[in-house]
K.L.:
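Would you mind keeping the following structure in view while I ask a few things?
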Amino acid sequence: MPRPAAPERHVWTPQETVRFLDYCHDTDPLIADLCELLIGTGMRKGEALGLHWADIHLPEQVLYVRYALSAVNNTRLVITTPKTRASKNWVALSPRVIKALEHHAATTRAHTGDPSDLLTSLVFCRPDGRPLRPQTVLDRFRRLSKEAGVPRITLHDLRHLAATLTLTAGVPLAIVSKTLRHSTLSTTANIYSHLTHQAAHDAVNAIDSTLTKADHEPPRRRWPAWLRPHRDHLNGHHSPLRALYSPAPALTSPTASQPQGTRATTTRPPRRSTRKKAASATRGNGLRPAMMLVGTTGFEPATP
């Protein structure tokens, strides 16, 4: 079955986001600090509700996403692994998020329980230390949104708000994909393709401005024709050198019997050498040793 089309996403503007956060800091600090974390890091709702204090490293300004809180049949809360393998990763923290986490740590009582129980030592929890229900958090979030006078959205839309703010600020798509911890870059491009239209316009405008600037530049000065050397001025020197150093045709070549021109094909003439015949071959008949002249065509006996 074909997958149905994704619904159109609605996110807040920066002005609406600041209005909501300011109202929440005065009315519900827990939801305010939670939304600061969701907007400032792009984490999922379950990852933020399943965050433990041991996974937050404020001096290094990072946190590690290790678990996620899920509701089975909307009744039983369990700690599971994040959505994808790439989701289990480090997340950088901005000064605004660090301030929200420090405020939350100072205003809430730390609960320590059994280390083997993953439902304890949570960052965002109830006063008794038990985890928050995702539906309860969503209901409080929608009530505060209505009271603050901002459009109604879901908690997961805060993740899209983080991506929208970074893309509109000019952050490259690959960096946004790593920040959101998507498994592939194509996932980010498919979800937020409507936000890359401005980047496409910037690209074609850069091409247009470059060509327009080159069109208005003065033409480059050309040398007069009588000062410019002919394009083939070196060919007259290449031909004699090529003929001088070209190898001679082999004796078995079909063109060996054909005339090769008047120009020499070697740098020196054939060497003429002499060779004396052994004296032992002529001692028996009383003849003088014959001198054999070696030429280029063979051996010729000398006159006795």
Side-chain angles (χ1 to χ4, degrees), residues 6-25 31-51 55-58 60-66 68 82-104 123-124 137-138 141 145 148 150-206:
E8 186 178 358
R9 306 182 187 279
H10 299 279
V11 296
W12 290 336
T13 62
Q15 293 76 15
E16 294 172 343
T17 304
V18 172
R19 186 196 315 170
F20 171 79
L21 293 176
D22 291 342
Y23 180 81
C24 286
H25 280 296
I31 299 299
D33 295 335
L34 175 62
C35 292
E36 289 278 7
L37 178 65
L38 294 175
I39 298 174
T41 60
M43 295 175 60
R44 300 179 178 89
K45 174 185 61 177
E47 297 171 350
L49 295 178
L51 183 63
D55 294 329
I56 297 179
H57 308 275
L58 294 181
E60 291 79 11
Q61 300 182 359
V62 294
L63 62 84
Y64 189 75
V65 177
R66 193 186 308 272
K83 183 178 179 181
T84 61
R85 183 179 300 179
S87 301
K88 196 173 183 179
N89 207 334
W90 294 95
V91 176
L93 300 178
S94 64
R96 186 183 181 99
V97 176
I98 293 177
K99 182 180 179 181
L101 292 175
E102 291 176 344
H103 173 266
H104 183 67
V123 177
F124 300 98
V137 175
L138 179 59
F141 173 76
S145 300
V150 295
R152 176 175 173 173
I153 61 175
T154 64
L155 279 172
H156 191 71
D157 289 334
L158 298 181
R159 177 175 170 86
H160 302 307
L161 174 62
T164 302
L165 294 177
T166 51
L167 286 174
T168 53
V171 179
L173 187 64
I175 304 300
V176 176
S177 180
K178 292 296 183 181
T179 304
L180 298 178
R181 292 166 289 113
H182 284 157
S183 56
T184 59
L185 181 61
S186 60
T187 303
T188 311
N190 293 334
I191 296 177
Y192 304 105
S193 59
H194 61 286
L195 300 177
T196 58
H197 292 168
Q198 184 60 37
H201 285 290
D202 295 341
V204 296
N205 291 338

K.L.:
Partners of Cys35 by side chain to side chain contact (heavy atoms under 4.5 Å, CB included), sequence neighbours excluded?
P.N.:
Phe20, Leu21, Ile31, Phe141, Leu158
K.L.:
Taking only residues two or more places apart in sequence, or in another chain, which ones meet Ser87 in a side-chain hydrogen bond (donor to acceptor under 3.5 Å, both in side chains)?
P.N.:
Arg44, Thr84
K.L.:
From Leu173 CG over to Leu185 CG, what is the distance, rounded to the nearest 0.5 angstrom?
P.N.:
5.0 Å
K.L.:
With sequence neighbours excluded, what pairs up with Val171 under the side chain to side chain contact (heavy atoms under 4.5 Å, CB included) test?
P.N.:
Thr166, Ile175, Val176
K.L.:
What residues form a side-chain hydrogen bond (donor to acceptor under 3.5 Å, both in side chains) with His104, not counting sequence neighbours?
P.N.:
none
K.L.:
Indicate the atoms forming the closest heavy-atom contact of Val62 with Ala92, along with that distance.
P.N.:
CG1-CA, 4.3 Å
K.L.:
Could I get the full list of side chain to side chain contact (heavy atoms under 4.5 Å, CB included) partners for Leu58, not counting sequence neighbours?
P.N.:
Ile56, Leu93, Ile98, Leu101, Glu102
K.L.:
Among residues at least two apart in sequence or on other chains, which ones pass side-chain hydrogen bond (donor to acceptor under 3.5 Å, both in side chains) with Thr187?
P.N.:
Thr184
K.L.:
Counting C-beta onward and ignoring hydrogens, is there a side-chain heavy-atom pair between Ser177 and His182 closer than 4.5 Å?
P.N.:
yes
K.L.:
Quick one: pull up CG in Leu161 and CG in Leu38 and give me the separation to the nearest 0.5 Å.
P.N.:
10.5 Å
K.L.:
Using the test ring-ring contact (aromatic ring centres under 6.0 Å, His included), find all partners of His57 that sit at least two apart in sequence or belong to another chain.
P.N.:
Trp90
K.L.:
What residue pairs, at least two apart or across chains, pass salt bridge (Lys or Arg N to Asp or Glu O under 4.0 Å) with a residue in residues 84-93?
P.N.:
none
K.L.:
For His25, enumerate each residue passing the side-chain hydrogen bond (donor to acceptor under 3.5 Å, both in side chains) test, keeping only those at least two apart in sequence or located in another chain.
P.N.:
Glu36
K.L.:
I'd like to check the side chain to side chain contact (heavy atoms under 4.5 Å, CB included) partners of Pro151; sequence neighbours left out, ordered by chain and number.
P.N.:
Trp12, Glu16
K.L.:
What verdict does the side-chain contact (heavy atoms from CB on, under 4.5 Å) test give for Leu49 and Leu34, after you've listed the backbone C-alpha separation in whole Å, the side-chain angles of each residue and the deciding distance to 0.1 Å?
P.N.:
CA-CA 8 Å; Leu49 295 178; Leu34 175 62; 4.2 Å; yes
K.L.:
Enumerate the residue pairs fulfilling salt bridge (Lys or Arg N to Asp or Glu O under 4.0 Å) with a member in residues 155-181, sequence neighbours excluded, ordered by first and then second residue.
P.N.:
Glu47-Arg181
K.L.:
How long is the span from the OG1 atom in Thr13 to the CZ atom in Arg19, to the nearest 0.5 Å?
P.N.:
7.0 Å
K.L.:
Find out whether Leu37 and Leu51 are in side-chain contact, i.e. whether some heavy atom of one side chain is under 4.5 Å from a heavy atom of the other.
P.N.:
yes
